[in-house]
Protein chains: 2
Amino acid sequence: MDLPSDSHLLLETAATELSLAIGQLARRLRIEVNPGELSWSQNAALARLEKAGAMTTADLARSEFVKPQSMGTTLADLEQAGLVQRRPHPTDGRQVLFALTDAGIAARRKRSLARREWLLAAMERLDPADRQTLLAAAALIKQLAES
Amino acid sequence: MDLPSDSHLLLETAATELSLAIGQLARRLRIEVNPGELSWSQNAALARLEKAGAMTTADLARSEFVKPQSMGTTLADLEQAGLVQRRPHPTDGRQVLFALTDAGIAARRKRSLARREWLLAAMERLDPADRQTLLAAAALIKQLAES
DNA sequence: TATTGTTATACTCTATAACTATA
DNA sequence: TATAGTTATAGAGTATAACAATA
């Protein structure tokens with residue numbers, strides 16, 4: 001077993017700082033919601049359905065790191081808002097497939113969520129190199145989450 | 001008013017992707033907690049006090065983007081765990097200053113939080129250039145949150 | 001009067017447990 | 001038996017409202 005190298009100490013620092021930064025921006029973004037807007041979880045589920053097409057509750061839950069019961073609640077809210085619709089699985093009577101409705105697609109197209117607008121305005125104040133770093137980081141952060 | 005330029009569309013994409021990525025990693029990290037460990041909010045408050053020294057409830061609330069009442073709850077939990085202690089403000093009888101106790105300092109030194117360990121392990125699987133990108137991004141994300 | 005902090009209460013999101021239906 | 005989903009209940013974190021003490 002080696003003593004920690006300088007690069008390992010740097011990595012520990014990076015992990016700590018990234019964890020704190022993620023938490024801080026998550027809390028900052030959380031307060032940017034206008035009345036009647038989709039919650040962060042609802043928006044994440046909608047975005048996932050847009051990218052991946054129809055999915056079951058269980059698969060959506062795995063993708064977003066929540067329990068199936070929690071995703072069930074989120075999907076019930078989206079269904080009641082008319083943004084997703086359910087249909088039976090063609091071969092497995094237990095499963096239910098969820099897909100975006102036309103209204104759901106329109107909701108994804110509409111570029112007016114307060115959280116997104118706030119983040120966009122904040123990023124506009126950065127210089128191009130920093131924006132590029134954040135775009136690259138977004139892909140890496142997703143990769144980390146799914147690893 | 002100009003039509004959106006290519007670079008503006010790129011920026012919109014970056015904002016959307018970053019927002020989704022932050023949410024996804026926040027949920028992924030949230031499930032990595034061992035029984036008895038500090039919550040993410042408690043850890044953030046502790047880290048803030050370590051960096052900035054003694055602070056009032058209101059200042060801590062502003063730093064972490066929650067209401068003073070919410071930070072009051074977090075600080076009460078930390079106080080009960082013996083990790084922070086309160087003392088009166090020297091000149092303003094309304095304010096209360098919170099600072100780390102020896103146990104709080106020790107808790108910050110201890111490098112064993114499940115969330116941090118999970119993130120560290122995930123980052124170890126990245127190549128050095130990607131780690132560097134994430135370290136730079138952590139600083140930018142903090143800057144965004146505070147902008 | 002304005003501000004800091006506390007107490008009481010409620011809301012959102014997610015979790016665990018128990019249940020039904022299907023495989 | 002095992003799995004997908006539902007229903008009921010509970011917990012964590014944060015919010016709003018009402019209040020007390022101090023500036």
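Letters A, B, ... mirror the listed sequences (proteins, then strands); counts begin at 1.
- Summarising the geometry, atom NZ belonging to B:Lys110 is positioned 14.5 Å from atom CD1 belonging to B:Ile105; distances are rounded to the nearest 0.5 Å.
- Taking atom CZ on B:Arg115 and atom P on D:dA12, their separation rounds to 14 Å, with Å as the unit.
- Counting to the nearest Å, the P atom of C:dC11 and the CH2 atom of A:Trp40 are 23 Å from each other.
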Where protein sits on nucleotides 14-23 of chain C, one letter per nucleotide: B base, S sugar-phosphate only, - none, heavy atoms under 4.0 Å: SBBB----BS
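- Under the 4.5 angstrom side-chain criterion for Ile, Leu, Val, Met, Phe, Trp and Tyr, the cluster partners of A:Leu135 are B:Leu10.
- If you take CG of B:Leu38 and P of D:dG13, they are 10 Å apart, rounded to a whole angstrom.
- Shown for residues 53-63 of chain A: residues whose heavy atoms fall under 4.0 angstrom of DNA chain D, namely A:Thr56, A:Thr57, A:Ala58.
- Taken over five-pair windows at either terminus, the axes of the helix from C:dT1-D:dA23 to C:dA23-D:dT1 are inclined to one another by 0° (rounded to 10 degrees).
- The line from CG of B:Leu20 to CG of B:Leu25 is 13.0 Å long, rounded to the nearest 0.5 Å.
- Applying the salt bridge (charged side-chain N to carboxylate O under 4.0 Å, His left out) rule to A:Glu117 yields no partners; only residues at least two apart in sequence or on another chain are considered.
- Legend: salt bridge (Lys or Arg N to Asp or Glu O under 4.0 Å) pairs involving residues 53-68 of chain B, not counting sequence neighbours, sorted by first then second residue: A:Arg27-B:Glu64, B:Arg48-B:Glu64, B:Asp59-B:Arg62.
- Partners of A:Arg87 under the salt bridge (charged side-chain N to carboxylate O under 4.0 Å, His left out) rule, at least two apart in sequence or in another chain, do not exist in this structure.
- Rounded to whole Å, atom P of C:dA2 lies 18 Å from atom CD of B:Gln95.
- In this structure B:Glu37 satisfies the salt bridge (charged side-chain N to carboxylate O under 4.0 Å, His left out) test with no other residue, sequence neighbours excluded.
- Spacing between atom CG of B:Asn43 and atom P of D:dG13 amounts to 12 Å, rounded to whole angstrom units.
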Taking only distance into account, with no hydrogens and no angle test, what donor-acceptor pairs under 3.5 Å do side-chain atoms of residues 93-100 of chain B form with protein atoms, sequence neighbours excluded?
{"from": "B:Arg94", "atom 1": "NE", "to": "B:Asp92", "atom 2": "OD1", "distance (Å)": "3.2"}
{"from": "B:Arg94", "atom 1": "NH2", "to": "B:Asp92", "atom 2": "OD2", "distance (Å)": "2.9"}
{"from": "B:Gln95", "atom 1": "NE2", "to": "B:Asp92", "atom 2": "OD2", "distance (Å)": "3.0"}

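- Residues that satisfy the salt bridge (charged side-chain N to carboxylate O under 4.0 Å, His left out) test with B:Glu124, not counting sequence neighbours, are absent from this structure.
- The nearest whole Å value for the distance from the CG atom in B:Leu75 to the P atom in C:dT6 is 9 Å.
- For residues 70-84 of chain A, the pairs satisfying salt bridge (Lys or Arg N to Asp or Glu O under 4.0 Å) are A:Glu79-A:Arg86, with sequence neighbours left out.
- Distance, A:Arg28 CZ to D:dG13 P: 21 Å, rounded to whole Å.
- In this structure, the CE atom of A:Met71 is 12 Å from the C1' atom of C:dC13, given to the nearest Å.
- Evaluation of the side chain to side chain donor-acceptor pair (under 3.5 Å) test over residues 130-143 of chain B, restricted to residues two or more places apart or in two chains, returns A:Glu17-B:Lys142.
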